[in-house]
Amino acid sequence: MSAIYDPQGVEQAAQTLWREAKSFEVEESAAGENFYCLAMFPYPSGKLHMGHVRTYTLGDVINRYQRLKGFNVMMPMGWDAFGLPAENAAIKNKVPPAEWTRSNIQYMKGQMQRLGFGIDWSRELATCDPDYYRWEQWFFTKLFEKGLVYRKSAVVNWDPVDQTVLANEQVVDGKGWRSGVPVERREMDQWFVKITDYADELLNMLDELPGWPESVKSMQRNWIGKSAGVDINFPVIDGDEVLTVYTTRPDTLLGATYVAVAPQHPLAERAALLSTEVAEFIEACKNTKTAEAEMATMEKIGIETAARVEHPLTGEALPVWVANFVLMEYGSGAVMSVPGHDQRDWEFATKYGLPIKQVIEPAGNESCDIEKAAFTAYGKLVNSGEFDGQTSELAFESIATALVAKGRGERKINFRLRDWGVSRQRYWGCPIPMIHCDACGIVPVPDKDLPVVLPEDVAFEGVGSPLTTLDSFLNTRCPSCGGEARRETDTFDTFMESSWYYARFASPNSNKPMLDERVNNWAPVNHYVGGIEHAILHLLYARLYYKLLRDAGMVDSDEPFTRLLMLGMVLQNGKKMSKSAGDAGDPQHLLEMYGADAVRTAMMFAAPPDQSFEWNDAGVDGQAKFFRRLWKLVHEHTDLGPVVDLERTDLTAAAKDLRHKTYSTLERADDDFDRRLQFNTVVSGVHELVNAISRFQATTDQDHAVVHEALKIAVLVLSPIAPHITQALWSELGESTLLIDSSWPEVDTDALVRETVELIVQVNGKVRGRIEVNLEADEGAIRTMALENENVARFIEDKTVHKVIVVAGKLVNLVVR
RNA sequence: GCCCGGGUGGUGAAAUUGGUAGACACAAGGGACUUAAAAUCCCUCGGCUUUACGGCCGUGCCGGUUCGAGUCCGGCCCCGGGCACCA
């Protein structure tokens, strides 16, 4: 074989070997336990970017490592093919979304193949294929039958010029990104999935996911936001309705000085009929985005109405305000305001000159000045009549009890989690399989008529969805009465498709049912890899969907992803790469110049997986240099001819040192690959080992045998990260089977045994010297040696040693005064 | 604003359970080889200080716990991700 490293030739040769051996086309029941390794499938945005390279290289490293560990690993790939960027590209380039998407898939697939990922392409799917989405439609009709989906009104960002609903990212400074006119909040009837029915299970099962990062579980817990509180009724004075508010702080009830309702609340709408100012205020509130971040940071404004409600305990009349920060779709659309003990209410009351009443005082000696800020902590009740002197905790109970007794309230468990809105008023998505009939109402499309195919040969102009005007799609017959009817023109949120694709991979091409029994050979996914930006929404919806599949009898476990690796972002100018800004960082030129192994290794070496970092091309050159050195080193070794068997008892000290380095590298890499999931240190470990081999002066046959052993282990350890060059070197080292079909070597524990160990000697915690001690040396001997050290002696003369701390194998600390 | 992360040399980072801060690389500078360049190899590389041995300081900022803190605790600053229609 050539003495010059040629990445293009080496990589093509290795890929040919894998293709001919069908190395990655997994068999259902091959030898070894099944292991499902999955990296989040990409949106086909055009070209791969460095974020993709990172995600799929990490997935492939796990894939190849677990294969060496003896598992029958499946790593499939597919395309999250519906979505907004295809519509934007269609407007910009006059290319139909379907055509644009399919050509992107083809290009990106070629790039993935060039990168040498060990993917089972026989299971490939694209979510825009009717064979895929028909089952999503079918399942939705089943959920409809079970009462798990329903319609309700929800607000959207409406662009009055483009006559289109805008995504939050399409609203810039309150204006439509293309039209430039202010967007309006508009209510529309939409489809929802009842994720709240599963809120408790989604919360509780997080405790049974030890393979998930704590940070992600914590984010999901906070998102679900289970809280215990009280629904309190405030009867409207001179009216027959009752305003119900939810609070987690009933202990502050006596401090409520007003109530606030959402601008869309019926009470607000009624007030608008009586006052033009209220009507104008409500109109003005329509000009805010629907995003929560917007709601939280915008200026809090409100207007008083003529309505009054009765305080449920004191009977006092409280004013009703309309406020822009109260959400109609969250809770009952009304809140009680306690300015003394809630900072937002305090600011609002201060702004409008509303009374601020202190009803909680600090229980300890904290300071509290209600004039300057709200006191939001728990404490002791004051100005609360019969409840005075109780702690907040006790008052929570006693006030709740009093309200329940008077029929003025109910204890309630509340969730922050809202039902999942799955309707999108867009063209490039999966059609929602429902039919609107004037006579029968809403009727699901029957099984025999599925799939409802999305017409692909349409003109897409960016004003409204073509589905709403395309007669051939729109007009149909009612499955129930046979009369004229219209199809639903909304399509699904693309999180629908990504909520079950992992299950479909395990049951490819199943025609009936949606998933067959093969799914349980693989699901749940053993190791799921993806970006931290998916920590809440995608993972929560996928968890929900898996439970829905379970309850429909299709999968036999509770959670879809056993172990989760959340990757930090690959940043571009300090920010996440975005589809809308045009993904940058195409690896193509690097692949052509340095090859896949150098790109993969540089990416793994750059940072540990969970860390975000800014990609820099410069590292690739360094890895290419390292591969040239390794290539030369192996060939210089093999040029010396066959090696003899290793005689472990007959080695020089230097040879023993090299064997120690070899096996400590192996042991550490094993831990890094499996438990720690930190691959940058695997690369640096191999660098160190290769440096040690280079420095080693091999003279005897035994020395050559030790080098051979070290090179083989270096090649094996590096192989999940740089699979092509290691395959070539593996065969150069005389191995006839494919490296990918080999197995992870055992650690020779004898090689790790050391007779002496270096300890550092500290005086008052500062390093002052080093001593070489026998492994069996006792504390007394170590102490004597430490005190005898020349530099150490300088720091302890004319002082008394008060204490000696010996940490085995590490250090001695002499505490002197 | 709220929730979750992060901040260590010129740069990417390492330090796994509280025990040698800066491994391994990149960049830079110096040298060898060469007619020259590329490639390759060798040396230096946190700051200050010392003829040298060595010493002092140093992990975003302030304070605490400890024999010992990059690591633990309290408070702050800055950066990133998410916030329900980007995926």
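Quick note on labels: first sequence line is chain A, next is B, and so on, each numbered from 1.
- Nucleotides G70(B) and G46(B) have their C1' atoms positioned 15 Å apart, rounded to a whole Å.
- One side chain, Arg629(A) or Asn691(A), offers a donor N or O that lies under 3.5 Å from an acceptor on the other.
- Interface remark: the Arg675(A) side chain does form a donor-acceptor pair with the U16(B) base, using a distance-only criterion of under 3.5 Å.
- Between Phe492(A) and Tyr133(A), the ring center distance fails the sub-6.0 Å criterion.
- As judged by a 4.0 angstrom heavy-atom cut-off over every strand, Phe626(A) is placed among residues making no nucleic acid contact.
- Between Arg768(A) and C56(B) there is a side-chain N or O to OP1 or OP2 distance below 4.0 Å.
- Map Asn616(A) and Arg629(A) each onto its nearest nucleotide of RNA chain B; the residue landing nearer the 5' end is Asn616(A).
- Contacts of Ala293(A) with the nucleic acid, taken as non-hydrogen atoms under 4.0 Å apart, include base atoms.
- Considering only side-chain N and O atoms, Arg628(A) lies under 4.0 angstrom from the phosphate OP1 or OP2 of U40(B).
- Nucleic acid contact class of Ser498(A) (heavy atoms, under 4.0 Å, all strands): none.
- In this structure, Val686(A) reaches neither bases nor backbone, as no heavy-atom distance under 4.0 Å exists between it and the strands shown.
- Remark: the Asn813(A) side chain and the C67(B) base include a donor-acceptor N/O pair separated by less than 3.5 Å.
- Backbone-only contact: Gln678(A) has heavy atoms under 4.0 Å from sugar-phosphate atoms and none from a base.
- Side-chain N or O atoms of Arg54(A) include one that pairs as donor or acceptor with a backbone N or O of Gly568(A) at under 3.5 Å.
- Across the C1' atoms, G22(B) and U59(B) are found 9 Å apart, a figure rounded to whole Å.
- Residue Gln611(A) places at least one side-chain N or O closer than 4.0 Å to OP1 or OP2 of A13(B).
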Starting from the C-alpha separation in whole Å, work towards a yes-or-no answer on ring-ring contact (aromatic ring centres under 6.0 Å, His included) for Trp500(A) and Tyr132(A).
CA-CA 10 Å; Trp500(A) 70 286; Tyr132(A) 181 78; 4.4 Å; yes
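- Residue Phe795(A) has its side chain nearest to G55(B) when only U40(B), A87(B), G55(B) are considered.
- Classification of the Phe561(A)-Tyr528(A) ring pair by plane angle, with boundaries at 30° and 60°, yields parallel.
- Phosphate contact (OP1/OP2 of A87(B), side-chain N/O of Thr494(A), threshold under 4.0 Å): present.
- No N or O donor and acceptor, one from the side chain of Glu294(A) and one from the base of C83(B), sit under 3.5 Å apart.
- When the C1' atom is compared between C62(B) and A14(B), the two are found 27 Å apart, to the nearest whole Å.
- Note on Phe605(A): a base of the nucleic acid sits closer than 4.0 angstrom, heavy atoms only.
- At least one side-chain nitrogen or oxygen of Ser218(A) sits closer than 4.0 Å to the OP1 or OP2 atom of C4(B).
- With a 3.5 Å ceiling on both atom-pair distances, A84(B) lacks any Watson-Crick or G-U wobble partner.
- Arg668(A) comes within contact range of at least one nucleobase, with a heavy-atom separation under 4.0 Å.
- Among the nucleotides A87(B), C85(B), G54(B), the one closest to any side-chain atom of Arg424(A) is C85(B).
- For G31(B), the O4'-C1' to base torsion is more than 90° from 0; the nucleotide is therefore anti.
- Leu84(A) comes within contact range of the sugar-phosphate backbone alone, with a heavy-atom separation under 4.0 Å but no base atom that close.
- Base contact: Thr297(A) has a heavy atom under 4.0 Å from a base atom.
- The phosphate of C26(B) has OP1 or OP2 within less than 4.0 Å of a side-chain N or O from Lys625(A).
- Closest-nucleotide positions on RNA chain B for Ser215(A) and Lys632(A) were compared, and the one nearer the 5' end corresponds to Ser215(A).
- In terms of heavy atoms, Ile105(A) sits closest to Ala81(A) at CD1-CB, 4.4 Å.
- With C1' as the reference atom, A69(B) and A21(B) are 12 Å apart, rounded to whole Å.
- Within the nucleic acid shown, Gln190(A) comes within 4.0 Å of at least one base atom, counting heavy atoms only.
- Between Asn222(A) and the phosphate of C2(B), there is no side-chain N or O to OP1/OP2 separation shorter than 4.0 Å.
- Neither OP1 nor OP2 of G54(B) sits under 4.0 Å from any side-chain N or O of Lys766(A).
- Contacts of Asp610(A) with the nucleic acid, taken as non-hydrogen atoms under 4.0 Å apart, are absent.
- No hydrogens or angles considered: nothing links the side chains of Tyr541(A) and Asp493(A) as a donor-acceptor pair under 3.5 Å.
- The six-membered or imidazole ring of Tyr501(A) lies away from that of Trp79(A), with a centre-to-centre distance of 6.0 Å or more.
- Residue contacts for Gly83(A): at a heavy-atom cut-off of 4.0 Å it reaches the sugar-phosphate backbone alone, with no base atom in range.
- If you check every strand for non-hydrogen atoms under 4.0 Å, Pro42(A) touches nothing.
- His538(A) comes within 4.0 angstrom of no nucleic acid atom, judged by non-hydrogen atoms across all strands.
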